[in-house]
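These notes are about the structure you will find just below.
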Amino acid sequence: MMFERMLDDEIPSGSSSNSRNSMAKDEDMSDDETRKMTLDNESEEVPSKKRRFSYANGVEKSEDEVRGEPLDSSINSFEIPQYEDRKLIGKDLRPLRGGISRSSFIRGSQSTNSLEKLISSDEEMHRIKMENVLKELNLLRWSNDKIVDMDILNRDLLSKFRNPLEWNALEVQLLLDQFDVMQPLKDYVKEQRIKKIASDDSMVFNPPPFQTEKMKCVLRFFDVPVRLGFRHGAISHRLIMYSSSSPGASLDEWRKKSTFDGGKMRSILQGGEDKLKLKDEIWGILEKDPLFKKPNGQLGLEEVRALTHQRWKKIIEYGFVCDPYAEYEKFSALLEVLEEYDTALQARVTLHSNVFMGALTSMGTERHAKLIEKGNRNEIVGCFALTELTHGSNTQNIQTTATYENGQLVFRTPHIGAMKVWSGNLAQSATHAVVFAQLHIGAKCEGVHGFVIQVRDETNHRTLPGIKIGDMGEKPGQWNAVENGWMIFEDYRCSTDALLNRGCDITKDGEYVHSFKSDRDKKSVSLGALSIGRIGIVGKGINACRAAATIGIRYSAVRKQFGPPNEDELPILCYPLQRRRLLPSLAAAISIGFFQDKMVDLFAQYMARVLSGEKSDELAETSKEVHGLSSCCKPRATWLGVAALAEARAACGGHGFLYISRLNELRDTYDPSQTFEGENNILVQQASNYLLSQKKQGILSSPMGSTDFLLSRPSNFGGWKEDTLENVFSAYEWLLHYTLNKTEKALEERKKNGDDQFTARNETQIDTAHPLALAYAELTMIRWANEAVEDIEDEKCKCVLRRVIRLFALSQLQSHLALLYIGGYCTDSEFGTRVKDEQLSLEVSLSSECVSLVDALAPPDFALASALGASDGRAYDHMVDDFRSREIDRAPFADDLVRVRNLVTLSMNTPRVSRPSSRSSTSFDSIAYANSSTTTMSISVMPSHATGVADIAVIGLAVMGQNLILNMNDHGFVVCAYNRTTSKVDEFLANEAKGTKIVGAHSIEEMCKLLKRPRRIVILVKAGAPVQAMIDSIVPFLEAGDIIIDSGNSEYTDSNRRTKELAAKGIHFVGTGISGGEEGARYGPSIMPGGNPAAWPHIKEIFQAVSAKSDGQPCCEWVGEAGSGHFVKMVHNGIEYGDMQLIAEAYHLLKDAVGLNHDQMADVMDEWNKGELDSFLIEITANILRFKDEKGETLLPKIRDAAGQKGTGKWTCFASLEYGIPVTLIGEAVFARCLSALKDERVRASKELPQSDVDPSTLIKDKKEFIKAIQQALYASKIASYAQGFMLLAEASKQFGWNLNYGAIALMWRGGCIIRSRFLGDIKKAFDSNPNLANLLLDNFFKDAVAKAHKAWRTVVSVAVLLEIPVPALSTALAFFDGYKRETLPANLIQAQRDYFGAHTYELTAAPGKWHHTNWTGKGGRVTSNAYQA
């Protein structure tokens, strides 16, 4: 039943127009008049209509007829009494502040004085206690704060309050809100009000907004689940209080039937107490992290990938990802948690940590140790590239080639069918790949080998030359989050070190050497790598069965349908057919889980032996067994899992089809597991081939014991034994011998008839080899699961799990009954009948255990995320929650619907299709309908100007604009893209933005109409006139409060002017500096906004969300007013010029003074990057120095030494000159670029002007010490450069009154931008400790740093001068430092000279502030210049 009370702004639907008019008349009434009116309305003098109640069966009764009915009467709804005089609605209720509604607080006799007292004022109402009201009405007798007579209490409550059905929401609130009401009364309210009323639905209360949270707290005090919802129209707040019993049965009732300890069972099924503790710890952290909250609805391709990438980074930050072998328990716990939470996220981890790293570790050697170390630290991302477009399971015939040529390996894709496909992590994230290819040396093909190659540059993440990589496209289920990619090799060259050389290698002379005894042994090396994935995929089958059983069983336990005549409906889990559909999946999840635990343990032992270097025959046999067993168990598990989800979907009826059931999503998610790491039917053949080979070689026993059945001599069925499993084992062993012998004989017979080996095997698959492999998998699963159960100590858990294993065994054996009868194992009906009867009996006995069993198996509700499968059993409530969240008052396209109805013009003339003049003029194209005749009816739809779609617009679709848009989209914002050349909009939407929420506009007018208010528009076009032209074209379509954001490299003076000009029009202007390049724009730049402060609250959320993060803090904060944002960005760029010039000079010294080659210099830069010089520019410099071109030669010396510039460094120099700040280093960096541009002149001068003849070795006695000196000089010069930059910021802040926060600026530069470095963290600390710091050089930290470095600094500059190596930045930084720290400079002479020839005056040291002029020659006059400036 649903009860609603109309409060606040809502008028009851039954109100008349007179009621509405009376409310309008009452709006001017005083509070006292309102209260008086309220009492009048409640008195007997006010006639009222009797309320009527309608019952579920359609019967209606009056209030008097209902008065004495019991509490559980099935009232369906009730009318609110209508007062003929005045209405207490709308504003009239507000003065009461949650006390009394227009119906009486207490039905029956009441004291008017009490009511007057209760509502006399807001403050007094909240002070009055409920017991005082009840005592005054003689309902209770109190004695020492205890209720003395519960019978009187109950009787009086029933008589005086009559039926609690009639209490309104606020009456209940007032009663419950008094926390000193005695517990018996609380219990009574909880039982009578909550349990009895509304047993078939939820109660809907509508308290005023200010009371909502209070109401929720009170209801939760009584353990009542509540939620706050919203709906369109008059009601703004809605509180839903569910009845304690949701429709349907209770899961708790089922749980009471179980015979075992749930905690112990959970520990057993989750891998033991230690593992369970690890899993619960991971679950707890993920559940609390908002990043791991399941999104509402389905995300687009790039959205889900961005989210998965962020989650992947977060689990690395949490320290969950570890070495799978060194910390096996922790890693396996993580994989199980992720598999249940999001199989795509688990795939992201396992593809790197298990598959890639497993192959690298098992097939590589010490040669690959550094790469393995980086992989274990997640510094690289790996993928596994085996499958090709035309070759998947047939791995030995893949077509990719790796050819040895001139000491290198050259990878080629000979034709389109050989392109690598389906490689997870490859499309976007992978930096390295394990690639399988045919190794060619000379004229000989040595067969398939594994290689590890780098596919992307680690510095900029661009694909390396010779490799093309792309995406496989969209996929169903959760798999869009996995970046399955394709790869083509076009003469990709790399070192022979790429060969994974365990057991083989290529000598320096190009000779192939190996230690394999045979080709079969060579192939077995790769079997372990392939088996890793297949063993892991068995877990996907397990989890699919778990999810199917959990959701299906929980829903079936509460879902009621039909029942015996005149009795309650039964939960559908009570029906045998429903149990048959679901319980085998539960049994499979548990049984295969036990098998998987042992399989993984054995595989870990096998891998440890491989890594130890063991090469025994027994280990080779283990490798074959691992391959054979995984090749049949992976298909068996995944087939069962996908079938389980399909069956559960159908078993849950129509509700199972809902997205919120998750069954369809899960089915789509696990469906591809049937083709992962080999298509199932092909893998099954490999398993049967293994068994045939073992028998042929006479190897009847295997290292792991899975083929020990070959040792038995099974006989035909001789009667049913007491232990079910004995019968199962006997039948399976007979079946395996039968199918193995049958397959072997069929092969021999076909060969005798002329078939080759391939044809013979192919023709024997269906009837013999296929069931042979499946029976092998099933018997091993059953045996190993049974062994695990028998080792369990808790007898109650063991007893239940024995039945579970037997149910799994019988359900699997059922599929082989026909073959058992055909083969002659059994002849009469006894065996088949007993199998079916035993299975039915087990399903009945487990029906009382199954809910508790899935509780022990299931992940937390937040991870399962199924409305039908939640552990609280409130499937209907969860569905209604979801339904209510989609309540629709008005369709988003309602305006267009109205226009279609009212403004459509029909033309029955000549056939034509009329279209709007421009795409921006309408949201509907004209629609043409062709009937059977030649006449076409054309419907011209009037334009629709839909608004409020996009959060922000970005103008300019060059790479920065596109990447910034995609970044905003990744963070959940709807972005409108616009470009002056509108074809770029269409190209962007069709390619990079495909599958996102990004919308496009083809005119400025359309763009403005698509934006929410206030409109936020980012301009990313060329600085100067283009920016101004764009602003001028936008303004006519804006209104007061809208925001224009110039995010290009505009001059700060332009931003100063635009802020003022646009403010006069009511438009907020923001000049924003963005640093970080195209990668920063895509994944997180440094953002420096300044301008009209009124804009910041409207853009803060977006800008800080998309910015880079440093130590969790966004690298974006409000800079200041007017052009401050662009000024800070300009100084940033100037410092960037200086940093780059300093590093270039260090490179020059290392090369020409120290004499290092490029690889050695790269090593030096790597070392520097570990200390105080740790920065982005040092990092990329090392990579540049080490980079080789397609010929294998260092690229850097081939680059022309003429540097370009865009102007921001020059602007910084202009500003420094204008404000008198000595930004000397940036100036020299700009001039150095200007000098470099004179390339032709420098070439000529190098031949005509004298050159140094000094031998560097005469000046540099210890190269290592001189390299350290260069490092110190570079560090000290950086300090001087930043000191100058912040001096300029301080002066500008003073000039314009910007009040800049220098610590915040340092933080903004700490991440996302080009000059990001550890160094900036020290700057932030300096300004945080002293916001008024005059100069960085005066901070204790930097003062000490320069003191330690200055001697080395001088040495470096001196050596450079003597060697004639130009170091303008290092030397000017040193000169600035020396000048800044000197008390006296020779500027007194300059000032005297100025006064001598220009009468510019001077100050005396003894009298500063007073200006003097001297007649130096005796010929000058007394007139002085006023152009003095210090």
For Lys836, does the NZ atom have more than 12 heavy-atom neighbours from other residues, nucleotides or ligands under 6.0 Å away?
no
Counting only heavy atoms not in Lys275, do more than 12 fall under 6.0 Å of its NZ?
yes
Identify the residue among Leu740, Thr743, Leu772 that makes a side chain to side chain contact (heavy atoms under 4.5 Å, CB included) with Ser688.
Leu772
Just to verify, which of Leu640, Leu779, Leu807 counts as forming a side chain to side chain contact (heavy atoms under 4.5 Å, CB included) with Gln812?
Leu640
State, to 0.1 Å, how close Pro584 and Gln839 come at their nearest heavy-atom pair, and which atoms those are.
CG-NE2, 4.2 Å
Presence of salt bridge, Glu748 and Lys745, under 4.0 angstrom
no
Step by step, work out the salt bridge (Lys or Arg N to Asp or Glu O under 4.0 Å) result for Arg802 and Glu790.
CA-CA 8 Å; Arg802 279 173 172 165; Glu790 293 305 319; 2.8 Å; yes
Kindly check if the number of other-residue, nucleotide or ligand heavy atoms within 6.0 Å of CD (Glu793) is above 12?
no
With a 6.0 Å cut-off on ring centres, are Phe831 and Tyr825 close enough?
yes
Name the orientation class of the two ring planes belonging to Phe709 and His737 (parallel below 30°, tilted from 30 to 60°, perpendicular beyond 60°).
perpendicular
Near-ring test Trp479/Phe676, centroid separation under 6.0 angstrom
yes
What I want to find out is whether Lys752 reaches Glu749 closely enough, with some N-O distance under 4.0 Å, to be called a salt bridge.
no
Please find out if less than 6.0 Å separates the ring center of Tyr606 from that of Phe603.
yes
Polar contact flag, side-chain donor to acceptor under 3.5 angstrom, Gln561-Glu569:
no
Under 3.5 Å: donor-acceptor pair, side chain of Gln596, backbone of Ile542:
no
Any chance you could lay out the salt bridge (Lys or Arg N to Asp or Glu O under 4.0 Å) test for Arg554 and Asp855, step after step, and finish with the verdict?
CA-CA 9 Å; Arg554 283 178 173 170; Asp855 286 346; 2.8 Å; yes
Under the 3.5 angstrom rule, does the side chain of Glu273 hit a backbone N or O of Ser267 as a donor-acceptor pair?
no
Look only at the side chain of Lys634 and the backbone of Ser673, and say whether a donor-acceptor pair between them is shorter than 3.5 Å.
yes
Is a side-chain donor or acceptor of Tyr341 paired with a backbone partner of Glu336 at a separation under 3.5 angstrom?
no
Is the shortest distance from a Lys or Arg side-chain nitrogen in Asp837 or Arg834 to a carboxylate oxygen in the other one below 4.0 Å?
no
Ignoring hydrogens and angles, tell me if any N or O in the side chain of Gln697 forms a donor-acceptor pair with the backbone of Ile699 under 3.5 Å.
no
Can you see whether Phe729 has Arg783 sitting over its ring - NZ or CZ less than 6.0 Å from the centre and within 45° of the normal?
yes
With Asp723 via side chain to side chain donor-acceptor pair (under 3.5 Å) - residues at least two apart
Arg806
Partners passing salt bridge (Lys or Arg N to Asp or Glu O under 4.0 Å) against Arg580 (at least two apart in sequence or in another chain)
Glu843
May I ask you to check whether over 12 heavy atoms, not counting those of Lys742, lie within 6.0 Å of atom NZ?
no
